[in-house]
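Letters go in sequence order (proteins before strands), and every chain restarts at 1. Heavy atoms only: backbone and side chains are in, while hydrogens, waters and symmetry mates are out.
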Amino acid sequence: MVWIEELKEHVGKEVTLKGWVYNKRDSGKIRFVILRDGTGLLQCVFAKSEVDEATFELADLANQEALVKITGTVREDKRAPGGVELSVRSLKLMADSENYPITPKEHGIDFLLSRRHLWLRSRRQHALLKCRDTLIRAFHEFFEKRGFILIDPPMITPTSCEGATTLFEIDYFGEAAYLSQSGQLYMEPAAAAFGKVYCLAPSFRAEKSKTRRHLTEYWHLEPEVAFLDLAGDMELAEDMLLCVVRGVLEHRADELKLLGERIEGFDKHTELLKNLDKPFYRISYDDALELLKGKAVQMKWGEKFGADEEAVISREFDRPVFVHRYPKASAPFYMKEDPVNPKVVLNFDLLATEGYGEIIGGSQREDDLAKLEAAIERQGLPREPLEWYLDLRRYGTFEHSGFGIGIERTLAWITGIHHIRETIPYPRLIDRIYP
RNA sequence: UCCUCGGUAGCUCAGCGGUAGAGCGGGUGGCUGUUAACCACUAGGUCGGGGGUUCGAAUCCCUCCCGGGGAGCCA
């Protein structure tokens, strides 16, 4: 038994493969069966003059996605997709497949998402999820090389980490518990224990967000580093993003090309990614307000940027842009106040290019116990469940920073696809939990 | 939650007051190099549910259900 991806090493030899029928074409006395085994596609040729009558007839009986076992001779042929094809000697139908729903034509998104378990077999989804695999490996490699320790946060938590956003509530032996929306509060103690740490885990958001940039369950990567200030935090985010973008471009060129066939302006996007380099742009919230004013977008100081404003800002730059030091009033309690200007906090959002929007949010954490207590009080958060978190400021408080990056948003940006729902094997969306 | 668009054959859609349509997919037949093959023939429908207007409703109105796109929130 061999896999399709290994066939170039078997040219001229007879091999046996198992796989599913991807597509068929026939023309009188010749039949073409495109075989799919997960590692690639292979054109199998049935010539009436070269196979026996029964085998030739069998080629007709195998429906789309039927499992077959095929034996034949590997041959190089320019006319075949992939460069090699199989001259078939025998075929065995192992398992039939009647009326496979995803035919090789266009389908709507509702139809496809309802059949996500089958949709994964198609070329585009295959390419996308291979890019996801490469992206995640690139992230791990980056942090491993820098001496970070992987720390897994809990997914079941007693309270909200950030207060405002809606949480999924679960019944925990009669007590209310919640699915985590961030591992950050658990990574800060880990940073005090190990210095440089990161986690990669699902985060859950119960907001009824219904846009191309939201999932209710997404994969959240969160580094947290001791003795790192805001400037260092942005440098870390910059180095990390450059590293993983280059990793995907290098290892998944074929997949990206396939994905780009149906995306307008894809060449320009790829060109931009290939030329991506340090430094990314850094502008303050105040600078961003000025920039928007120049684009005839009037906003009062203190107002948050919406998706439109973020798109306007990001389109002004040919590299991702850090927007830092946002107004304190709308910031989460754990962000450190700027000693230079107490009206803002030491945080940043990283906006991806071409209007993709925010893919990273990070900050230097408040390390002053009194200020942190005041922020909790000011935001009306219950203090008791956060006592353990306050301990970090009691026992050797330390300067530290971190950020969170969405795997799916990053992948959508790199691959140039519009909606993030296809960047995760089984997307969880508002009103969609099947399959 | 709000705004907006939609639900007609297995799929993608056209039809928008007067007998239910196309392409693809399925079936049958033809073709020895096809690339989402092509050509011919063929089967396939409570026009999302309910109510109303009308001589007559897929088409107009009301309502409910389901889905797409977007906003807010965020990664």
Taking only side-chain nitrogens and oxygens of A:Arg421, does any of them come within less than 4.0 Å of OP1 or OP2 of B:G69? yes
Is any NZ, NE, NH1 or NH2 atom of the basic residue among A:Glu85 and A:Arg79 found under 4.0 Å from an Asp or Glu carboxylate oxygen of the other? no
Any side-chain N or O of A:His419 less than 4.0 Å from the OP1 or OP2 oxygen of B:G69? yes
Nearest-nucleotide pick for A:Ser27, side chain only, options being B:C73, B:U1, B:U32: B:U32
Atom CD of A:Glu310 to atom P of B:C74: distance rounded to whole Å? 10 Å
Donor-acceptor pair, A:Ser363 side chain versus A:Asn347 backbone, under 3.5 Å? no
What residues from residues 426-435 of chain A pass a heavy-atom cutoff of under 4.0 Å to RNA chain B? A:Asp431, A:Arg432
Closest to the side chain of A:Glu106, out of B:G72, B:A36, B:G33, is B:A36
Give a yes or no on whether a donor-acceptor pair under 3.5 Å exists between the nucleobase atoms of B:C73, that is its base, and the side chain of A:Ser209. yes
Under 4.0 Å, heavy atoms only, any strand: does A:Arg213 hit a base, just the sugar-phosphate, or nothing? base
Do A:Glu222 and A:Ser182 have side-chain atoms, one donor and one acceptor, less than 3.5 Å apart? yes
OP1, OP2 of B:G70 versus side-chain N and O of A:His418: anything below 4.0 Å? yes
Assign the ring pair A:Phe143 / A:Tyr198 to parallel, tilted or perpendicular, where the plane angle (0 to 90°) is split at 30° and 60°. parallel
Whole angstroms only, please: what is the CZ-C1' distance between A:Phe403 and B:A75? 12 Å
Verdict with reasoning, A:Leu86 to A:Ile70, per side chain to side chain contact (heavy atoms under 4.5 Å, CB included): CA-CA 9 Å; A:Leu86 197 73; A:Ile70 290 187; 3.4 Å; yes
Should A:Lys105 be listed as having a side-chain N or O under 4.0 Å from OP1 or OP2 of B:C24? no
Sequence neighbours left out, cut at 3.5 Å: what donor-acceptor pairs do the side chains of residues 294-306 of chain A make with other protein atoms?
residue: A:Lys295; atom: NZ; partner: A:Glu316; partner atom: OE2; Å: 3.2
residue: A:Trp301; atom: NE1; partner: A:Asp286; partner atom: OD1; Å: 2.8
residue: A:Glu303; atom: OE1; partner: A:Lys300; partner atom: N; Å: 2.8

Ring pair (Phe, Tyr, Trp, His ring centres under 6.0 Å) contacts touching residues 15-36 of chain A (sequence neighbours left out): none
With both distances under 3.5 Å as the test, what is the Watson-Crick or G-U wobble partner of B:C74? none
Has the side chain of A:His107 got a donor or acceptor atom sitting under 3.5 Å from an opposite partner on the base of B:C11? no
Using a cut-off of under 3.5 Å, enumerate the N/O to N/O pairs linking the protein to nucleotides 39-43 of chain B.
none

In a check of side chain to side chain donor-acceptor pair (under 3.5 Å) between A:Asp338 and each of A:Lys343, A:Lys328, A:Arg325, A:Gln364, which one passes? A:Arg325
Do A:Arg115 side-chain and B:C11 base share a donor-acceptor contact under 3.5 Å? no
Gap in Å between the two C1' atoms, one belonging to B:G56 and one to B:U42, rounded: 33 Å
Taking only the side-chain nitrogens and oxygens of A:Lys210, find out if one of them lies under 4.0 Å from OP1 or OP2 of B:G72. no
Any donor-acceptor pair, under 3.5 Å, between the side chain of A:Glu85 and the base of B:G33, if you only look at N and O atoms? yes
Under the criterion of centre distance below 5.5 Å and interplanar angle below 30°, is A:Tyr218 classified as stacked on the base of B:A75? yes
Nearest-Å distance, CG (A:Asp26) to P (B:G33)? 12 Å
Would you call the rings of A:His107 and A:Phe111 parallel, tilted or perpendicular, where under 30° means parallel and over 60° means perpendicular? parallel
For A:Arg25, the salt bridge (charged side-chain N to carboxylate O under 4.0 Å, His left out) test, sequence neighbours excluded, returns none
With the threshold set at under 4.0 Å for non-hydrogen atoms, list the residues of residues 49-76 of chain A touching RNA chain B in residue-number order. A:Ser49, A:Arg75
